[in-house]
Number of protein chains: 2
Amino acid sequence: MPGTVQSIERAAAILRMLAGGPGRLGLSEISRSLELAKGTTHGILRTLQGVGFVEQDRVSGQYQLGASLLHLGTSYLDTNELRSRSINWADPLAVRSGEAVRIGTVLDGQVLIVHHVFRPDDTFQTLDVGALLPLHATALGKVLIAYRTGLTTTELAAYTRKTLIKPRELAMALEHVRECGWAADVEELTPGQAAIAAPIRGYGGLVIGAIGVSGPVERICDSRYAPRPRLVTSVRDAARAISREMGAARR
Amino acid sequence: MPGTVQSIERAAAILRMLAGGPGRLGLSEISRSLELAKGTTHGILRTLQGVGFVEQDRVSGQYQLGASLLHLGTSYLDTNELRSRSINWADPLAVRSGEAVRIGTVLDGQVLIVHHVFRPDDTFQTLDVGALLPLHATALGKVLIAYRTGLTTTELAAYTRKTLIKPRELAMALEHVRECGWAADVEELTPGQAAIAAPIRGYGGLVIGAIGVSGPVERICDSRYAPRPRLVTSVRDAARAISREMGAARR
DNA sequence: ATTGATGTTCGACAATGTCGACCACTGCTC
DNA sequence: GAGCAGTGGTCGACATTGTCGAACATCAAT
């Protein structure tokens, strides 16, 4: 691509490879995958190692992501406006709903979680910030693709028996999202789990993110697997409040 | 530096600049700081933007860190062995001590927090994972520099009136750390807060990280500002258990 | 209207990044 | 133990790319 620095693009491709899959890769494997000469790959890895973006295991010789990226990643969160404006609404939503709250945006055709409030109880939970989730199989994702043109989810993988994998079914579901202004996923990503999400709009009304609650399906939905209206209202209220702040910040 | 790719080093320098300071910088300011031509800086920023490591504000034209870094940062955590082996000891330590637990390692002459367990109560807390803390003003940091040669903390900034800023005082404190095998900071980073930390050793006994608890000084220390022996024992026990796992993994 | 800053573009060219050939080492098979 | 196939790594020639100076458009302040 003209006008960009090829070696930086190659370095980024290497980092992405290391972020996916098993997390540790050898020099030869990276070279084969990216169709680069080993000398080229080695020079890039040596440079990434020097700046702390990559570390090499001294026993196996394999490479993995380095500690400097953690600081960059969390620094990104500090300046992320979607997140900073949502935080004040996410905690109360978790308290009011009694469920975990997540805020997501689009990254590389997936949902990137930028904020996560634990369900307010004592259960063991893992933090999802930084995680990438599928667009079509999550409430957050369906909200994001319903209001975004150009997000063609190429392959609809099945995560559970309830995941929408037929393009026509997904299109109808997204039409419904646009009609009523929120989305749900009922055991579409994880068996026994459900979620509700609503769009967060930025300047000019563009959807820039989504906020949602998730938890056991029997708490998120009633006995007929319909999302509980009380939760829908809470999520939509929070989304509207955040959207107002996003819009107001630009005026 | 021979053998490395200069443009990748420059790109990393730009990302570091964006991670420090206000988080948003203009092209001209970046060029001045790094002594690069504006065309050079622009080409690097355009490339970083293309790979998602940087975003440009469409109104002000300023640049900031991009969303892709968040995913890379948290992917680093997934493969970080210090963290993955510490998790199982960190939660029980938080429960037993009733205080927040953090695990840190060295990055760029500072403490990088790689794991953080909230104090088990209802108070509002912010997650420190990814944060950089000063070595000389924290219990974690003192542990790390006590057992690491070559970590010369060049400038000892004062964070509170109790921060050790004289090299001789710090050296004596570090000698004491080596003698008794743990460190404390009593209101040295934050007024009213104290912490206790112990070293985590890897293969061959090398100190690769530290684990510590922190909280209000009246809970961490007795009325004479001495760290409570019960907490010291708990922290050291956890550190030893983790160290065994780190060592055992290599045999 | 002028000035001084900003971000952006473009083409010449010098510097750098690329890569083929080679190396040492390791693990596996026979 | 020898042979083989893989690994990560090095190095120098050279072709490609990254760099940068000059110019431009835009914007805010005076």
Side-chain angles (χ1 to χ4, degrees), chain A residues 1-18 21-66 79 81 203-204 249-251, chain B residues 1-18 21-66 79 81 203 250-251:
Chain A
M1 177 187 184
T4 56
V5 182
Q6 185 187 53
S7 42
I8 295 174
E9 287 172 334
R10 285 174 165 176
I14 290 175
L15 293 176
R16 269 195 245 287
M17 276 193 75
L18 291 171
R24 282 180 187 81
L25 293 169
L27 173 132
S28 300
E29 185 173 2
I30 295 171
S31 292
R32 274 195 303 274
S33 292
L34 298 181
E35 295 179 334
L36 297 173
K38 282 198 296 171
T40 303
T41 305
H42 193 259
I44 295 176
L45 283 168
R46 180 167 46 213
T47 311
L48 290 172
Q49 187 170 13
V51 298
F53 289 8
V54 145
E55 291 163 7
Q56 184 181 28
D57 184 84
R58 283 187 286 113
V59 174
S60 70
Q62 289 191 312
Y63 293 86
Q64 63 194 68
L65 293 177
T79 60
E81 192 180 7
Y203 189 74
R250 293 303 192 137
R251 289 191 176 91
Chain B
M1 178 185 181
T4 57
V5 181
Q6 184 188 53
S7 40
I8 295 174
E9 287 173 334
R10 286 174 163 178
I14 291 176
L15 293 175
R16 269 195 244 284
M17 276 195 73
L18 291 171
R24 282 182 186 81
L25 292 169
L27 173 132
S28 300
E29 185 173 1
I30 295 171
S31 293
R32 274 196 301 274
S33 293
L34 298 182
E35 295 181 332
L36 297 172
K38 286 198 298 174
T40 304
T41 306
H42 194 260
I44 295 175
L45 283 169
R46 179 166 49 211
T47 311
L48 289 173
Q49 187 170 13
V51 299
F53 290 8
V54 143
E55 291 162 7
Q56 184 181 28
D57 185 83
R58 282 190 286 112
V59 174
S60 70
Q62 289 193 311
Y63 294 86
Q64 64 195 67
L65 294 177
T79 60
E81 193 180 6
Y203 189 74
R250 294 302 194 139
R251 286 192 177 89

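Letters A, B, ... mirror the listed sequences (proteins, then strands); counts begin at 1. For the numbers below, each heavy atom of this structure counts, side chains included, while hydrogens, waters and symmetry mates do not.
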Below 4.0 Å: OP1/OP2 of D:dT10 and any side-chain N or O of A:Arg46: yes

N or O in side chain of B:Arg10 less than 4.0 angstrom from C:dG17 OP1/OP2: no

First encountered from the 5' end of DNA chain D, between B:Thr40 and A:Leu25: A:Leu25

Check: B:Thr47/A:Glu9 side-chain N/O donor and acceptor closer than 3.5 Å: no

Sugar-phosphate only, base, or nothing, as touched by B:Ser7 at under 4.0 Å among non-hydrogen atoms: sugar-phosphate

Under 4.0 angstrom between A:Arg32 side-chain N/O and D:dT7 OP1 or OP2: yes

Whole-Å gap separating C1' (C:dC25) and CZ (A:Arg58): 18 Å

Side chain proximity check, B:Gln49 to B:Gln56, heavy atoms < 4.5 angstrom: yes

side-chain N/O B:Ser28 vs C:dT6 OP1/OP2, d < 4.0 Å: yes

Any donor-acceptor N/O pair, B:Arg46 side chain to A:Gly3 backbone, under 3.5 Å: yes

Sugar-phosphate, base or nothing in reach of A:Gln56, heavy atoms under 4.0 Å: sugar-phosphate

Proximity to the side chain of B:Ile44 - top-ranked nucleotide from D:dT19, C:dT18, C:dT8: D:dT19

Nucleotide D:dT17, atom P - distance to CG of A:Leu36 in whole Å: 13 Å

Touch class at under 4.0 angstrom, heavy-atom based, for A:Gly43 against every strand present: nothing

Length of the line joining A:Gln6:CD and D:dT19:P, which is rounded to integer Å: 12 Å

Worked check of side chain to side chain contact (heavy atoms under 4.5 Å, CB included) between A:Tyr63 and A:Leu27: CA-CA 7 Å; A:Tyr63 293 86; A:Leu27 173 132; 4.2 Å; yes

Pair A:Ile30-A:Ser33, side chain to side chain contact (heavy atoms under 4.5 Å, CB included): steps then yes or no: CA-CA 5 Å; A:Ile30 295 171; A:Ser33 292; 5.9 Å; no

B:Leu45 CG - C:dT9 P separation (whole Å): 12 Å

Side-chain N,O (A:Tyr63) to OP1/OP2 (D:dG9) below 4.0 Å: yes

Euclidean distance, atom CG of residue B:Leu34 to atom C1' of D:dC20 [Å, nearest integer]: 15 Å

D:dG21 base / B:Lys38 side chain donor-acceptor hit below 3.5 Å: no

Whole-Å distance separating the CD1 atom of B:Ile30 from the C1' atom of C:dT8: 14 Å

Between C1' of D:dT16 and CD of A:Glu9, the distance in whole Å: 15 Å

Phosphate contact (C:dG7 OP1 or OP2) by B:His42 side-chain N/O below 4.0 Å: no

Atom-to-atom span, CD1 of A:Ile8 to C1' of D:dT19 - whole angstrom: 12 Å

